[in-house]
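Below, all heavy atoms of this structure are taken into account, side chains as well, without hydrogens, waters or symmetry copies. Both ligands and their constituent atoms are indexed starting at 1 by order of listing.
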Amino acid sequence: MNRLPAFALLFAFVLSLTACAPAEDAPPNIVFIFTDDHAQAAISAYGSPYHQTPNIDRLAREGALFQNCLVTNSICAPSRATVLTGKYSHLNGQLTNGQLFDGSQQTMPKLLQQAGYETAMIGKWHLRSEPTGFDHFQVLIGQGPYYNPPIRTATDTTIIEGYTTDIITDLALDWLEEGRSGEKPFLLMYQHKAPHRNWQPGPDHLTMFDDTTFALPPTFYDDYATRSAAAPQAIMRVDDHLNANDLKITPPGNLTEDQLETWMAAYGPKNDALKETGWQDDELDEWKFNRYLKDYLRSVQSVDDNIGRLLDYLDATGLAENTVVVYASDQGWYLGEHGWYDKRWMYEPSLKTPFIVRWPDQVDAGQINESLVSNVDFAPTFLDMAGAEIPADMQGKSILHTLKNGTDPDFRDAFYYQYYEYPGAHCVRRHYGVRTDRYKLIYFYGIDEWEMFDLQEDSDELNNIYGSADYADIQAGLELRLTELREEYQVPEDTRPIPDEECTYTVGWMGYDAG
Ligand code: CA
């Protein structure tokens with residue numbers, strides 16, 4: 001798969017032997033691999049019950065894997081804004097996906113530039129405004145398609161034919177090989193669209209898992225019995241709220257003739273088999289879950305393949321030695337837990353995101369780290385790695401101490417979360433809350449509903465213990481900590497109006513006619 005000519009690899013190898021040994025204190029390069037909506041449960045290093053991700057696992061084996069990386073606001077654009085600024089949504093201005101990111105504010109890439117770094121952003125940007133703080137950018141427009149994406153630069157937009165996950169990697173490798181000056185340490189933000197909805201696999205993986213049937217998760221038919229009015233109102237169930245495009249009953253609309261032929265060869269027979277059931281089969285929920293999960297996993301598989309290409313390049317050129325490689329996603333995701341797809345909630349599958357850091361000679365290989373770290377910590381951490389000053393107004397903290405020691409009991413005892421996008425897609429209510437190593441308290445402030453969970457006794461968060469006499473002291477402690485965190489982070493009251501009418505979000509089988 002490696003695209004480099006052999007002589008270039010040989011040349012780079014000789015250079016690496018003779019001249020490229022980094023000085024003891026040379027600031028490291030940083031490659032930030034960032035995906036969209038990648039659940040920890042779809043990475044084998046995190047114990048995925050579904051599949052293998054050998055290249056992401058390799059990063060974990062050679063570096064540190066964080067079990068408890070929590071996001072400040074579990075949705076795409078706000079997470080990206082937090083990564084760039086080291087601040088919560090209410091300070092960086094990105095409360096929801098719909099807003100325009102204020103690119104004039106202080107960001108980590110700008111500060112790294114000032115510290116002598118060369119910076120590049122390649123792939124999914126998803127912040128609407130022009131990227132700032134980058135010496136080079138090549139980005140998808142908005143969500144971007146899975147195939148044949150228009151790629152925007154500072155000067156033009158060009159459609160590149162092929163599979164987007166492969167193309168973003170091609171562009172990243174091109175920049176590493178020929179684009180950067182080579183005279184400065186660099187930050188490369190290498191950001192995939194995948195595995196975002198609607199999970200279109202690449203041509204190499206269209207039939208992967210065809211011979212496997214995955215069982216529904218134990219909480220798939222969750223009745224939400226103890227959890228306020230919020231959960232049942234959400235419109236994000238795998239059995240009710242996926243459409244014909246999500247389920248690949250219809251092919252993507254922008255394929256070339258050859259791509260369409262390959263696609264139909266893979267999906268045509270599978271869809272014909274479904275039609276023979278008359279669509280009313282008792283097994284339809286299982287069918288939808290399997291179609292959904294397999295396409296998600298297939299999309300992840302291309303990401304993993306391409307991370308392998310990148311890691312091979314770093315090895316072959318000797319760059320790996322003084323390069324921090326980070327793997328993360330903008331949030332977690334539901335793979336059928338509680339019956340859901342999507343994210344947004346403060347529940348574990350969407351609150352947690354993958355976070356793996358490989359830094360040769362600085363971080364012990366195979367470290368499993370339990371500290372309560374967050375995407376708000378990424379910016380200060382990267383600045384700290386670069387030896388640059390961390391501005392006092394950043395709200396995250398450098399993780400270097402826990403990263404280098406494998407643990408740090410004083411790093412963070414409680415984490416603050418807030419979700420704002422209601423009314424909005426999937427109709428998840430606004431909420432904020434606090435999570436400690438064992439407990440979680442959530443307040444749905446538009447409807448004045450509280451939830452509390454003991455994660456040690458109830459890891460699936462099915463049993464709301466808010467108001468339980470057995471937990472009165474714990475609850476009082478969490479309520480106090482929540483108030484303190486809101487003060488510490490200067491969180492204002494969310495005074496944006498909430499309309500009286502019921503939230504609606506049109507999804508579903510889309511009235512697809514079996515005939
Ligand atoms: Ca996302």
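Among the backbone and side-chain atoms of Cys76, an N, O or S atom lies under 3.0 Å from the Ca ion (ligand 1).
Between the Ca ion (ligand 1) and the N, O or S atoms of Asp330, the shortest distance is to OD2. Between the Ca ion (ligand 1) and the N, O or S atoms of Asp36, the shortest distance is to OD1.
Side-chain contact between Phe415 and Leu351 is present, with heavy atoms from C-beta onward closer than 4.5 Å.
Angle OE1 (Gln331) to the Ca ion (ligand 1) to OD1 (Asp37): 90°, rounded to 10°.
Within 6.0 Å of CD in Glu488 there are more than 12 heavy atoms belonging to other residues, nucleotides or ligands.
With salt bridges taken as basic N to acidic carboxylate O contacts below 4.0 Å, one links Arg358 and Glu62.
Cation-pi geometry between Arg237 and Phe220 is satisfied (NZ or CZ under 6.0 Å from the ring centre, within 45° of the ring normal).
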